[in-house]
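We name chains A, B, ... by the order of the sequence lines, and we start the count at 1 in each one.
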Amino acid sequence: MKEFLEGFKRSHYCGDLNSTHIGQEVRVMGWVQRRRDHGGLIFIDLRDREGIVQLALDPERDPEAHSVAENVRNEFVMAAQGIVSPRPEGTINSNMKTGEVEIEINQLFILNKAKTTPFMIDDFADIAENLRLKYRYLDLRRPAIQKNILLRHQVTQAVRDYLNGQNFLDIETPILTKSTPEGARDYLVPSRVHPGAFYALPQSPQIFKQLLMVAGFDRYYQIVRCFRDEDLRADRQPEFTQIDCELSFVSQNDVMAIMEGLISHIFLQILGIAIEPPFRRMSFDEAMDRYGVDNPDVRFDLELINLSEIVKDAGFKVFGDVVKKGGQVKSINAKGCASFSRKEIDDLTEFVKIYGAKGLAWVKVTENNGWQSPIEKFFKPEELDSINKKLGAEPGDLLFFVADNIKIANEALGHLRVHLANKLDLLNSSNFSFVWITDFPLLEWDEEAKRYTAIHHPFTAPKDEDIPIMDSEPEKARAKAYDLVLNGSEIGGGSIRIHDQETQSLMFKLLNISPEEADEKFGFLLQALEYGAPPHGGIAFGLDRLVMLLTGSESIRDVISFPKTQKASCLLSSAPNTVADEQLQELSIRLTPRGKPLL
RNA sequence: GGGGCUGUAGUAGAGUUUGGUUACAACGCCGGCCUGUCACGCCGGAGGUCGCGGGUUCGAGUCCCGUCAGCCCCGCCA
């Protein structure tokens, strides 16, 4: 076969041929999408990564090639030579990119046969995902998935083009690195040379990229794999790819502006969509207040309205009591949804319970702005009027209320808002709405650990004006941190980092990390900060999520070549698997009986 | 750790509510026919441990218990 390919070279991709090639002799190679045998004439649709072209085999024109074609089956690998010809009148296929032409074949070779595939290689069938993942190399042949992977390549190219043009340097950082207990659970790799010691796979190159700033590289980027040993979701894999950036001598606005340039460049290059910077900006507090979440989908309204003040002293004791205990009553006006059935409303009630809400109160607004509702009788007419007014309620509207602590009320209605938008078909996946979320709190109280933890990470700088209150009112201190949210997905997040040793030490103190512990865990970073660390900051974008949104995919798995299942296994290779006793011995590892905790 | 959905020829489904003779049609596959099709067409054929294990019953794809796998979500995770 090697000798054959020495002499027989491909001239074009199948999918690239069109009427400009008419009259040329071309050579194509690819997989048989389908063979249509008319007894005499045989058509073969040959597919490669660029598309499909029709091969026409006429027994009179070339009996030898025609007889080869008689034995061809789906997914055979073929090499073909012939003349690109216009299709006869009336046989042009406008559904195909190459539909105006066909190749009149004069030489046809079978490069390899193929067994009947477990599923058809096309975009019509809806294949069970475990089967797709087991035969991922066949799944990846399907045009829709292949398109995603090709687009992913185009995105990384666009990223490199832009960042290279902005003087960023692509620098690699270690994959075998040190466990840092803050943040997600680490994937650990046992060391053979150091029995009992472990490397950790990086959750992000965070500390190393900061060290690159100390080293003076000034602008760094890396398209880099990161690892987090946490449970999976439709948009979460245990290994994922970040577009990781860090810059020296910049403010928060500098970072955001440069990254708006990057995102605009990507969208223009990939989708031809112009997105004009600056992007919309919104504080964390505003996002929580109006949308209930820190990753608001701003493609639609259905905003959350706080009714706490109105209902605090109103007739409905259940609402009033919640407010008096420090909770909130928030609501959504679903315009024109009064036609929802009892069943539909019950389903929505079940939906908010997922987020801890005890219930979902509702009101159907009737003619003359009256209420049809189980809670109607508890409100005086003037209370009812002021709620209607606050919500802009009109006849035909459906109002929802959640009364609970602030966290649950926000979360339940924030998710209900998106759920309703889906139900009402308000979401358009080809509409891209960006918003920066800024002014995050620096810290968050961890009830379980009885201490503060960093919302972003322990190296995030506080806002200058909040440094004085870090000690006295730590929960009120805000961070120089920012997330970029696209259509309700957090696609990137970053911060200005702490670059002086004193602030970093204060931060560790607030996090209840002792100097000894800090030294043991992050000593190398703290030392580096003492040798002339420049002010710096950066950001990381989730490449997988970005490509998912660019392709309109519903799962992150559809934009990753070899993804893992929800239980983090690879159905193709059967990873993870057990290993030989000898391997364990070399690593000084002894296993406990399966599933039993170590005593 | 928890909640929900799904599992029937190679594939995607119907059948499960109300247990009853040989589990149904489509696509694919195999054979035959067909010279302008393009998710070609026509004729014929093969193909099943109803995820797995146990139970109830005269009898289980169908009911019960357990278990495995995949998916969605909560917790967890930037």
Side-chain angles (χ1 to χ4, degrees), chain A residues 33-46 52-61 66 73-75 85 87-96 98-99 102 104 115-135 138 182-186 203-204 206 226-238 240 242 294-295 347 350-357 408 411-412 415 419 437 440 444 448 453-457 460 481-485 489-495 539-542 545 554-555 557 564-567 569 571:
Chain A
Q33 180 67 37
R34 196 173 287 274
R35 183 183 64 124
R36 289 178 295 279
D37 186 341
H38 290 253
L41 206 55
I42 295 176
F43 296 106
I44 291 174
D45 288 343
L46 198 68
I52 290 173
V53 71
Q54 174 166 285
L55 315 183
L57 291 117
D58 190 327
E60 285 165 19
R61 187 177 57 242
H66 181 270
R73 293 290 181 272
N74 282 354
E75 299 308 316
S85 312
R87 294 200 185 181
E89 215 177 318
T91 65
I92 286 174
N93 185 345
S94 55
N95 297 323
M96 282 174 86
T98 63
E102 64 190 10
E104 290 184 355
K115 285 167 64 175
T116 302
T117 49
F119 49 83
M120 290 293 286
I121 311 299
D122 59 35
D123 294 334
F124 303 109
D126 187 17
I127 314 297
E129 195 158 353
N130 53 356
L131 197 66
R132 289 177 53 196
L133 292 178
K134 181 175 177 185
Y135 296 97
L138 297 179
E182 296 288 306
R185 191 179 293 115
D186 284 319
Q203 297 175 27
S204 91
Q206 183 60 36
C226 301
F227 305 86
R228 290 177 190 158
D229 187 5
E230 298 291 348
D231 286 349
L232 290 79
R233 287 284 191 287
D235 62 354
R236 243 158 59 186
Q237 283 272 306
F240 59 98
Q242 283 191 349
D294 66 358
N295 56 342
D347 286 348
E350 287 308 305
F351 178 81
V352 296
K353 284 181 180 170
I354 294 172
Y355 303 94
I408 288 178
E411 214 159 298
H415 285 94
H419 189 73
I437 306 300
F440 281 83
E444 183 179 42
E448 232 172 84
T453 57
I455 288 216
H456 197 66
H457 54 57
T460 299
Y482 32 87
D483 279 359
L484 184 59
V485 173
S489 276
E490 184 213 315
I491 59 166
S495 63
I539 195 165
F541 293 97
R545 275 187 200 174
E554 291 194 350
S555 159
R557 296 182 298 279
K564 302 209 167 25
T565 68
Q566 197 165 49
K567 285 195 177 156
S569 50
L571 297 181

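In this entry the distance linking CD of E350(A) with C1' of rC5(B) reads 15 Å, nearest Å. Atoms CZ (F124(A)) and C1' (rC38(B)) sit 10 Å apart, rounded to a whole Å. Atom pair I121(A):CD1 and rU11(B):C1' shows a separation of 11 Å (rounding to whole Å applied). Between the CG atom of N93(A) and the C1' atom of rA39(B) there is a distance of 11 Å, rounded to whole Å. Rounded to whole Å, atom C1' of rG10(B) lies 12 Å from atom NZ of K134(A). Regarding H38(A), its NE2 atom lies at a distance of 10 Å from the P atom of rU35(B), rounded to whole Å. Residue D126(A) contributes atom CG, which lies 20 Å from atom P of rC5(B) at whole-angstrom precision. Distance, K567(A) NZ to rG2(B) P: 11 Å, rounded to whole Å.
Rounded to whole Å, the separation between the P atoms of rC40(B) and rG47(B) comes to 26 Å. rC24(B) and rC50(B): their P atoms are spaced 14 Å apart (whole Å). Nucleotides rU8(B) and rA23(B) place their C1' atoms 9 Å apart, quoted to the nearest Å. Nucleotides rG28(B) and rC64(B), compared at atom C1', are 37 Å apart to the nearest Å. Between the P atoms of rG51(B) and rG10(B), the separation comes to 13 Å (whole Å). Here the separation of rU56(B) from rA69(B), taken at their P atoms, is 27 Å to the nearest Å. As rounded to the nearest Å, rG15(B) and rC34(B) have P atoms that lie 41 Å from one another.
Among the nucleotides rU37(B), rC72(B), rG70(B), the one closest to the side chain of R36(A) is rU37(B). Taking every side-chain heavy atom of Y355(A) into account, rC73(B) is the closest of rC77(B), rU11(B), rC73(B). Out of rG1(B), rU37(B), rG70(B), the shortest distance to the side chain of D231(A) is found at rG1(B). The side chain of T91(A) lies closest to rC38(B) when the candidates are rC34(B), rG70(B), rC38(B). Here the side chain of R236(A) is nearest to one of rG36(B), rG75(B), rC40(B), namely rG75(B).
Distances shown here put a side-chain N or O of R34(A) below 4.0 Å from the OP1 or OP2 atom of rG28(B). For the pair T116(A) and rC30(B), the criterion of a side-chain N or O lying under 4.0 Å from OP1 or OP2 is not met. Listed pair R73(A) / rC30(B) meets the phosphate criterion, a side-chain N or O lying under 4.0 Å from OP1 or OP2.
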Inset, instruction - Before giving the answer on side-chain contact (heavy atoms from CB on, under 4.5 Å), spell out for E490(A) and D294(A) the whole-Å C-alpha distance, their side-chain angles and the decisive distance to 0.1 Å. - result: CA-CA 9 Å; E490(A) 184 213 315; D294(A) 66 358; over 6 Å; no
Legend entry - Criterion side-chain contact (heavy atoms from CB on, under 4.5 Å) on Q54(A) and R36(A), from CA distance to verdict: CA-CA 10 Å; Q54(A) 174 166 285; R36(A) 289 178 295 279; 3.0 Å; yes
Inset, instruction - Quick one: do E60(A) and H66(A) satisfy side-chain contact (heavy atoms from CB on, under 4.5 Å)? Show the steps, please. - result: CA-CA 9 Å; E60(A) 285 165 19; H66(A) 181 270; over 6 Å; no
Inset, instruction - For side-chain contact (heavy atoms from CB on, under 4.5 Å), just list the numbers for L571(A) and T565(A), CA-CA rounded to whole Å, side-chain angles, deciding distance to a tenth of an Å, and then say yes or no. - result: CA-CA 7 Å; L571(A) 297 181; T565(A) 68; 3.5 Å; yes
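Note on E411(A): only backbone sugar-phosphate atoms sit closer than 4.0 angstrom, heavy atoms only; bases stay farther off. Residue contacts shown for E129(A) are limited to sugar-phosphate atoms, with no base heavy atom under 4.0 Å away.
Remark: ring of F43(A) does not overlap the six-membered base ring of rG36(B) in a stacked fashion, as centroids less than 5.5 Å apart with planes less than 30° apart are not both met.
Only one option out of I42(A), L57(A), L55(A) pairs with R35(A) in a side-chain contact (heavy atoms from CB on, under 4.5 Å); it is I42(A).
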